[in-house]
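A short write-up of the structure that comes next.
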Amino acid sequence: MDSDDDGSVDEGDIGFFADKRSYRFLLSNLDDEKPSKKTKTTEDDYAERKYAEAKNKPELNIHHMLPIKTEQGLQQRSRIIEKEKPTVEIPVPQPAEEEAYQPQSVAEIYCLRQQYIATAKQEIARLSCAITEDPYNNISAMKKLRHYCSTEDSKAGQTVRKLAMISLTAVYNDILPSYSVKPSKELESLSKEVKAQHSYETDLLRNYRVFLDLLFDNLNLAFQKEKAKAKVSPEVLTARQNLGLLSLKCMAELLSRNYNFNLRSNIVNTLIPYGASKAMGGKLADVVTATIVEIFEKDKQGECSVEIVRMIAALVKKKGNNVNGKLLECLLHVRLVELGEVKKEKEEKLPDTAMLSKKQRKHRKEQAKVRKELLEAEAVENKKKKSRLQSESLDHIFVTYFRILKQYHDSPLLPIALAGLSKFAHLINVDFFTDLFECLKRIIKEETLELSDSLNCVSTIFTILSGQGSVLDVDIGEFYALLYQNILLFNPDTPSQTFHILKQALTNTVKRKVPLSCQMAMLEN
C-alpha cells in the first residue's frame with residue numbers, strides 16, 4: 001500500500017516486466033532520477049511544419065463569380081483574392097516639433113528675400129502674359145495681380161508691389177480699347193456676341209477703376225498734408241513717397257496712352273495739382289508736365305486737352321503766384337489753329353476707268369457720290385466739334401494770361417504769359433485788344449523786363465495789328481521805340497531763342513501797312 005501510495009516501482013515488478021519480452025519497452029525509458037519525456041515523431045515534425053507554413057501563408061479570399069454556359073453545361077467560376085495579413089508597423093519615435101527657423105545673419109535674410117522676390121516675379125510674369133494673350137478668358141487674373149499691388153510684405157518691402165504696379169500698367173496699356181465704354185440699357189435685345197463683348201468691357205472697366213483707386217490711395221498716403229503729419233519714421237515716409245511717385249508715373253502713362261478711355265477726368269483732376277507741387281525736388285511736377293505736353297501734341301480731337309487747360313486755369317486762379325512755371329509753359333504746346341479752318345482730305349486716287357464696263361463705271365460714280373457726302377457730313381461735324389473745343393481752350397488760356405498780366409505782373413510767371421500771348425496773338429478776340437494794349441503799355445513803363453520779354457511784348461502787338469487788329473487806330477510809337485532799342489542790345493552771346501523772337505517781331509512789323517520809320521520812332525521817344 002505504501003508503494004502504491006508512493007507511486008514508485010519495486011524491484012519485483014521490474015523483474016516481472018523484464019521476463020516478459022512484450023513489456024520490455026516499458027522499461028526502456030524508465031529512470032529513477034528524471035521523469036520520462038515524450039519523444040518527437042515524424043508525424044509531429046510534419047504537423048509543426050504545416051502549421052508554420054499556414055501561419056505565414058496569406059489568407060485566401062474566394063470570390064464566387066457568375067456561372068457561364070458552355071457546351072458541357074453550366075460552369076461555375078471563382079476567383080481567389082489574396083488577402084495579405086496586415087503588418088504591424090513599429091512606431092518610430094518622432095523628434096519633438098522644432099520651431100520655425102529664423103535667419104540670424106544678414107546674408108541669410110538677404111538670400112531669403114531674393115528667393116521670395118524671384119518667386120513673385122515669376123508669378124507676376126505668368127499672370128501678365130496670360131491676361132495679355134487672352135484677356136477675354138483670363139480677366140479674372142487681374143484680381144490676383146492686383147493683390148500683389150496692395151500686399152505689404154516684410155520679406156521684400158515694396159519691391160514686389162512696385163513690380164506688380166508696373167506690370168499691371170503695361171497690361172492695361174495693351175488691352176484697353178481706344179474708345180469710351182458706355183453702359184447699354186437694352187441688353188435683352190442684343191445678340192449673344194454683343195452681350196459677351198459688353199460683359200467683358202464692363203469687367204475690364206470695373207478692374208481698371210479699382211486699380212486707379214489703389215494708385216490714388218498711394219498718392220494720398222504719401223503727399224497729403226493731413227496724413228503726412230502723422231508720426232512716422234523718415235524711412236517709412238521716404239518709402240511711401242517713392243511708392244507715391246511710382247503711382248503718379250503709372251497714372252500719367254495710363255492717361256497718355258488711353259486718353260480716349262473712361263475715367264479720363266478722374267486722372268486729370270488728380271494729376272494737374274501735382275504739376276504745381278514742389279515735393280521730392282520737383283520730380284512730381286516734371287512727370288506731370290511731360291505727360292501734359294505729350295497729350296497736347298497727340299490729341300487731335302481736343303477733348304482731353306480742353307479738360308487739362310480748364311484744370312490749369314482753375315489752378316492758377318486758386319494758387320496764383322505759387323503755380324509752377326513749368327505747368328504754365330505746357331499751354332504753349334496746345335494744338336490751336338484758325339477757327340473755321342478745315343483741312344482738306346486727300347482724295348483717294350482711283351484706278352483708270354478705261355478697262356471698266358459701263359455698269360462698273362456707273363457703280364463707281366454712285367459710290368464716289370456717297371463717299372463725298374459722307375466726308376462732307378463728317379467734316380462739318382468734326383469742324384463744329386473742334387471749333388467748340390478750341391474756343392473753350394482759347395478762352396481759358398487767354399483769361400489765364402490776362403490774369404497774370406493784371407494781378408501777378410511782378411511774378412516769374414510774366415515771361416511765360418508774354419511768350420504765350422506772342423504765340424497765340426493771331427487768335428485773340430478783337431474784344432480783348434484794347435484791354436491788352438493798356439496792360440502791355442503799363443508793363444513796359446513800370447517793370448524792368450528782360451530782352452526776350454520786351455521782344456515778346458512788341459511781337460504780340462505787331463501780330464495783333466498785322467491781323468484782325470489792322471483796322472484799329474492806336475498809338476504804337478512806344479512799341480516801335482522799344483523794338484529799336486532792343487535791337488541795339490543784341491550781341492554774339494545772345495541766345496538763339498531771343499533771335500527767333502526778334503525775327504518774328506520784325507516780320508510782323510513789315511506786314512504793317514503803314515510802318516513807322518526809325519527816325520519817327522526816335523522823335524516820338
Side-chain angles (χ1 to χ4, degrees), residues 117 146 148-154 156-170 172-173 211-259 263-296 307-309 311-333 408 411-413 416:
I117 293 175
R146 196 169 57 246
Y148 285 101
C149 299
S150 57
T151 302
E152 295 186 3
D153 199 320
S154 58
Q158 295 180 349
T159 304
V160 175
R161 295 182 66 183
K162 293 179 179 179
L163 292 173
M165 287 165 55
I166 295 172
S167 301
L168 198 52
T169 301
Y172 279 122
N173 286 334
F211 179 59
L212 289 180
D213 291 340
L214 187 145
L215 298 179
F216 295 156
D217 293 340
N218 292 339
L219 274 174
N220 294 334
L221 184 63
F223 301 108
Q224 288 296 330
K225 294 182 179 179
E226 293 77 7
K227 297 183 179 180
K229 289 181 180 179
K231 294 182 179 179
V232 294
S233 62
E235 294 80 7
V236 175
L237 184 60
T238 302
R240 288 180 179 178
Q241 289 182 349
N242 291 333
L243 188 64
L245 177 61
L246 180 62
S247 301
L248 187 76
K249 290 181 178 180
C250 292
M251 281 194 295
E253 186 176 355
L254 289 172
L255 179 63
S256 175
R257 296 280 297 275
N258 309 282
Y259 54 86
L263 305 175
R264 174 185 62 205
S265 301
N266 297 356
I267 303 178
V268 169
N269 294 335
T270 303
L271 285 183
I272 300 304
Y274 287 100
S277 174
K278 298 179 181 179
M280 299 189 71
K283 292 182 180 179
L284 301 178
D286 293 341
V287 173
V288 174
T289 52
T291 304
I292 293 174
V293 171
E294 185 178 358
I295 293 175
F296 282 162
E307 293 186 10
I308 295 175
V309 170
M311 192 67 190
I312 293 176
L315 193 63
V316 172
K317 182 180 180 181
K318 180 180 179 181
K319 292 193 173 183
N321 197 20
N322 295 325
V323 175
N324 190 352
K326 293 182 179 179
L327 185 63
L328 196 62
E329 287 179 354
C330 296
L331 298 179
L332 299 175
H333 299 272
Y408 313 109
S411 70
L413 301 180
I416 303 173

Using side-chain hydrogen bond (donor to acceptor under 3.5 Å, both in side chains) as the criterion, list what pairs up with [X], not counting sequence neighbours.
X: K162; result: none
X: S247; result: N218
X: N173; result: E253, N258
X: E307; result: R264, S265

L163 backbone acceptor or donor facing S167 side chain under 3.5 Å
yes
For [X], all residues meeting side-chain contact (heavy atoms from CB on, under 4.5 Å), sequence neighbours excluded:
X: N322; result: K319
X: K318; result: none
X: L212; result: Y208, L215, F216, M251, L254, L263, I267
X: A170; result: none

Salt bridge (charged side-chain N to carboxylate O under 4.0 Å, His left out) partners for E294, two or more places apart
K298
Sequence neighbours excluded, the answer for salt bridge (charged side-chain N to carboxylate O under 4.0 Å, His left out) partners of D286 is K326
Hey, could you give me each pair passing side-chain hydrogen bond (donor to acceptor under 3.5 Å, both in side chains) that has a residue in residues 266-276? Not counting sequence neighbours.
none
